[in-house]
A.B. asks: 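One structure follows; several queries about it will come next.
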Amino acid sequence: MSAQEMPKAYEPAEVEKKWYSYWESNGLFKGRPNPEKKPYSIVIPPPNVTGILTMGHVLNNTLQDILMRWHRMEGYECCWFPGTDHAGIATEARVNKELMKTEHISRDDLGREAFIERVWEWKKKYGGTIIRQLRRLGASCDWDRERFTMDEGLSRAVRKVFVDLYNKGYIYRGRRMINWCPVSKTALSDEEVIYKDEQGKFYHFRYPLTDGSGHLVVATTRPETMFGDTAVAVNPNDTRYSHLIGRTVHLPLTDRDIPIIGDEHADPEKGTGCVKITPAHDPIDFQVGLRHNLEFISVLDKTAHLNAKAGPEFEGLDRFEARKLILKKMEEQGLLEKVEDLTHAVGYSERGGVPIEPMLSEQWFVKMEELAKPAIAAVRKGRIKFYPDRWTKTYFHWMEGIKDWCISRQIWWGHRIPAWYRGDETYVGVEPPQGEGWVQEEDVLDTWFSSWLWPFSIMGWPDKTPEQDYFYPTSDLVTGPDIIFFWVARMIMAGCEFKGEIPFSNVYFTSIIRDELGRKLSKSLGNSPDPLDVIDRYGADALRFSIIYIAPVGMDIKYSNEKCEIGRNFANKLWNACRFRRMQGEISPNFREVDDLVRNGRLTSDEAWMLAKLDACAIDMKKSLDEFKFHQAVHDIYELVWSSFCDWFIEASKVRFAAGGEAREQALRVLDYALWKLLRLLHPFMPFITEELAHQMGFLAESESIMYAEFPLPMSVREAAIPDAESVIAKTEAKFELISAGRTLRISYNIAPGKKIDFHIKAANDAMEEFLKKGMDSLKWLLNANSVTISQEDYHCDDASGAPSTLVAAGAIFLPLKGLIDVEAEKAKLKKQQTELLGWIRSSEAKLSNERFLAKAPPKVVEEAKAYLVDLKEKLARVESALAQMK
RNA sequence: GGGCGUAUAGCUCAGUUGGUUAGAGCGCCACGUUGACAUCGUGGAGGUCAUAAGUUCGAGUCUUAUUACGCCCACCA
């Protein structure tokens, strides 16, 4: 393609479509066990099968894709395992809602078999959405390995794990206090309960003593559970009440008397010091109930309505309606002492969005304590590292106080628990039992009970497979900190228990994406941008680049679509740099190396500078990526491309392009060499445009892909490195500073930008004079100068007025403007500089005359301070001599 | 109640093990379309680094306390 065909602005849509299908259809994403190479693998955090792509997924999957593409270029055999999660409660609710809406039938109308059939149909129809959307982002997953947590293989893994843990005594069934969601009508694990601080009421009720000798005042936030009260507790050391222990009170609105018991749980400091005990509806009261052998009376049904135990007046009432009626009745009977305002934490169901109900119920549990031990050790010993590291603390805190995991759910969509009952018999096995009369457990397993096996179930476990031998343990995991308990911790436990090996070495916790105002992105707020719209508008590369660019380290991201302009503009800048190069003709045949130019000392200082900067950037980026500092790497390459490469290097090269001949050939070749390196450095972040440009420029043959090009190594590895790179960088950048000073002078004297003028430079020393003279062509070009004279003398003008000048490290630059000089302005400028210099000299001298500084600071620092003072004094002398000339 | 995080330019954020004059992007102002790019270029304005004390020759950086905001955990009935 010729330069004429390259549009002025980069148009991502067609390019992205073209390359993605090229990569996929040519099998470039595939990872296969390959003993010749080192393995690198990631398992995707499986999105909910019902889900659609959100900005959270974009961030998460972009990071994973960067890691994958980078490692591929580093020569690893890479495999990114994709798939989706069946998301039990969420999916069941979703399909149920859909059925209600379209067919006006509910789950229960259909029955278990038919309903599950419908969910599968639904999954088949809509389930692939997010997977298709990930392709738009450029995700280089090995799609042939896509799995679903309810695939037959993964289901078998789930059953095997259940059976093994059961046989080991780690899984048990029992009647315990669990969190009940009245909307989903299922038990939940502790992690699925979200506590919100709420403004509530603290009701003080009088419970009359049965013998009529008075009453006790109990305080509660949950009056509706009073029908389940089976005691009132006081602290045995509380002299106000201790004499009452053993007597009884009458439970209002019922015909029951309940005992007064002594228990440490009653805190004399809190409330009235008397606590009503409702063992069937409160986790603490449950414990108290066990200690005192109390009766457990459940008064709520599965939908949190009062049952017959509450008496005919209350039966069938919703819990909150019942509360109102109870208050009314108690008040009527003069038993309501007072009502206080109170802020307290109320547990909500994560999915149902209503307060959960602590209930006594028969459920399946996993004992976690033993499973946690090796998982704690793995992180403590550093075999698994968290980034940022502070999450280890959160992890330890949870793991060390881990509680049994309630794994049964009273829903239909999920892995049905492999337990069968016949009379008093229980059978647990991977396959159904032989014989007549067995009935399978109705409950299914918590979704996370399949997710925690993901890193190896996705590779075919429990069968032995080459994938597991090669790719397990996986390398890195990228996920959100919100699922550290749900998923990360449990995967570590499962890996240690079932594979005998940790599932991954590094866990990178992503930031959480918020809107500009810092609010969580949510559908209901309408502040959740559709990533596909963003991709249509800005391009996938732009979105990927921008979101990493703006992601603060270890903090939440404040996102807005406008911020994608950063990436779009950057892609366009890169595009145009290439377009410009194409306008100069075909790329150099020997663009792959510049070894001879380096060895023979033929590089111009600008070229040496560019290559040295590029080298430093490649080294830094690799280091940043190694440490999961994506943000740092992206900022480094942005700066390199825009400022170093485009603003300075290309601009400086233009004059050599125009010169023709050997100078032109060399300039083009060095530019090509640099550009090819830049494209490769950028590929992990912007896969589409880099692939497109690599081909348009001709850096790759048609059959090649940048995906498998080598990530740039430091020059010293295979080529000659730039000699004295540090000094080249310092001198060149001092020159650039001088040029900027010259441009500022032009502008402050209102010289038209297009006008070519004369400059004089007074070099700071011999070395700088020589350096500047060598680069005269580009110097003139960059200053848009007609001529530049360089010496170590001030500018001598015809009249006595002198010329405007600016002093920088490399020397002074003069703008010879006969008769036009604004003497007062020049004087003011110089005086300001003089004052500043004097200030710095004063503090510098003070420091150097401080004996303790000389004694205690490292010699290197002292030397630098001395050299700095010398510099300052030199500069001051130059300023003062210029000032003297102004007279 | 416990733990964690954050506080730097109008906004969003960088700032490596303490070491010369604290940076970038966006926004703002001025000027500019000579063929890479107006999704651009050149230049400019803009900061007592939340507050207080301390450690140190030296603190944006380390320590302590305070304030504000955010998050997580917890049986505040």
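Letters A, B, ... mirror the listed sequences (proteins, then strands); counts begin at 1.
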A.B. asks: Only one of A:I258, A:V275, A:I261 passes side-chain contact (heavy atoms from CB on, under 4.5 Å) with A:V232; say which it is.
C.D. replies: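 When A:I258, A:V275, A:I261 are each tested with A:V232, the side-chain contact (heavy atoms from CB on, under 4.5 Å) holds only for A:I258.
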A.B. asks: Quick test of your reading: applying salt bridge (charged side-chain N to carboxylate O under 4.0 Å, His left out), list the pairs with at least one residue in residues 216-228 of chain A, sequence neighbours left out, ordered by first then second residue.
C.D. replies: A:R222-A:E224, A:R222-A:E357, A:E224-A:R323
A.B. asks: Got a sec, which residues hit side chain to side chain donor-acceptor pair (under 3.5 Å) with A:E627, two or more places apart in sequence or on another chain?
C.D. replies: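 A:E627 satisfies side chain to side chain donor-acceptor pair (under 3.5 Å) with A:K629 only.
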A.B. asks: For the residue pair A:D197 and A:H344, establish whether any side-chain heavy-atom pair is separated by less than 4.5 Å.
C.D. replies: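 Sidechains of A:H344 and A:D197: no contact.
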A.B. asks: Working to the nearest 0.5 Å, report the span between CG of A:L668 and CD1 of A:I587.
C.D. replies: 10.5 Å
A.B. asks: Is there any salt bridge (charged side-chain N to carboxylate O under 4.0 Å, His left out) pair reaching into residues 560-578 of chain A, and which pairs are they, with sequence neighbours excluded?
C.D. replies: none
A.B. asks: Listed by chain and number, what are the side chain to side chain contact (heavy atoms under 4.5 Å, CB included) partners of A:R390, not counting sequence neighbours?
C.D. replies: A:P388
A.B. asks: Go through B:C73, B:G25, B:U21 for me and flag the one nearest to the A:F485 side chain.
C.D. replies: B:C73
A.B. asks: Distances under 3.5 Å only, N/O to N/O: pair up the protein atoms with those of nucleotides 41-45 of chain B.
C.D. replies:
unit_1 : atom_1 : unit_2 : atom_2 : d
B:G41  : OP1    : A:K573 : NZ     : 3.1
B:G41  : OP1    : A:W642 : NE1    : 2.4
B:G43  : OP1    : A:S740 : OG     : 3.2
B:G43  : O3'    : A:T744 : OG1    : 3.3

A.B. asks: So does A:K654 reach the base of B:A36 with its side chain, donor to acceptor, closer than 3.5 Å?
C.D. replies: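 Such a pair is found, so the answer is yes.
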A.B. asks: Please assess A:N235 against A:D263 for the test side chain to side chain donor-acceptor pair (under 3.5 Å), listing each intermediate value before the final yes or no.
C.D. replies: CA-CA 5 Å; A:N235 194 291; A:D263 194 281; over 6 Å; no
A.B. asks: Treat primed atoms plus P, OP1 and OP2 as sugar-phosphate and everything else as base, then score nucleotides 7-18 of chain B 5' to 3': B for base contact with protein heavy atoms under 4.0 Å, S for sugar-phosphate contact only, - for none.
C.D. replies: -----SSS----
A.B. asks: Nearest to the side chain of A:C646, which nucleotide is it out of B:U21, B:G5, B:A36?
C.D. replies: B:A36
A.B. asks: How are the rings of A:Y638 and A:Y549 set to each other: parallel, tilted or perpendicular (split at 30° and 60°)?
C.D. replies: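 A:Y638 vs A:Y549 ring planes: tilted.
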A.B. asks: Should stems be defined as at least three consecutive Watson-Crick or G-U pairs with both distances under 3.5 angstrom, which of them involve RNA chain B?
C.D. replies: B:1-7 with B:67-73, B:10-13 with B:23-26, B:28-32 with B:40-44, B:50-54 with B:62-66
A.B. asks: When the ring planes of A:W391 and A:F509 are compared, do they come out parallel, tilted or perpendicular, using 30° and 60° as the limits?
C.D. replies: tilted
A.B. asks: Where do N or O atoms of nucleotides 57-62 of chain B meet protein N or O atoms at under 3.5 Å, pair by pair?
C.D. replies:
unit_1 : atom_1 : unit_2 : atom_2 : d
B:C57  : OP1    : A:K856 : NZ     : 2.2
B:C57  : O2'    : A:N850 : ND2    : 3.1

A.B. asks: Classify the ring geometry of A:F205 against A:Y203: parallel below 30°, tilted from 30° to 60°, perpendicular beyond 60°.
C.D. replies: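 Ring orientation, 0 to 90° scale: parallel.
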A.B. asks: Output side-chain donor-acceptor pairs under 3.5 Å for residues 856-868 of chain A, partner residues at least two apart or in another chain, one line each.
C.D. replies:
none

A.B. asks: Listed by chain and number, what are the side chain to side chain donor-acceptor pair (under 3.5 Å) partners of A:E337, not counting sequence neighbours?
C.D. replies: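 Partners of A:E337 under the side chain to side chain donor-acceptor pair (under 3.5 Å) test: A:R206.
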A.B. asks: Select one nucleotide: of B:U21, B:C4, B:A36, the one nearest the side-chain heavy atoms of A:K875.
C.D. replies: B:U21
A.B. asks: Ignoring hydrogens and angles, write down the donor-acceptor pairs under 3.5 Å from the side chains of residues 395-402 of chain A, residues two or more places apart or on other chains.
C.D. replies:
unit_1 : atom_1 : unit_2 : atom_2 : d
A:Y395 : OH     : A:A375 : O      : 2.8
A:W398 : NE1    : A:E191 : OE2    : 3.3
A:E400 : OE2    : A:R380 : NH2    : 2.5

A.B. asks: Set out, line by line, the N/O atom pairs under 3.5 Å between protein and nucleotides 74-77 of chain B.
C.D. replies:
unit_1 : atom_1 : unit_2 : atom_2 : d
B:C75  : OP1    : A:K403 : NZ     : 3.4
B:A77  : N6     : A:D267 : O      : 3.1
B:A77  : N6     : A:K270 : O      : 2.1
B:A77  : N1     : A:D267 : N      : 3.2

A.B. asks: Ion pair present between A:K558 and A:D515, side-chain N to carboxylate O less than 4.0 angstrom?
C.D. replies: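 A:D515 and A:K558: not salt-bridged.
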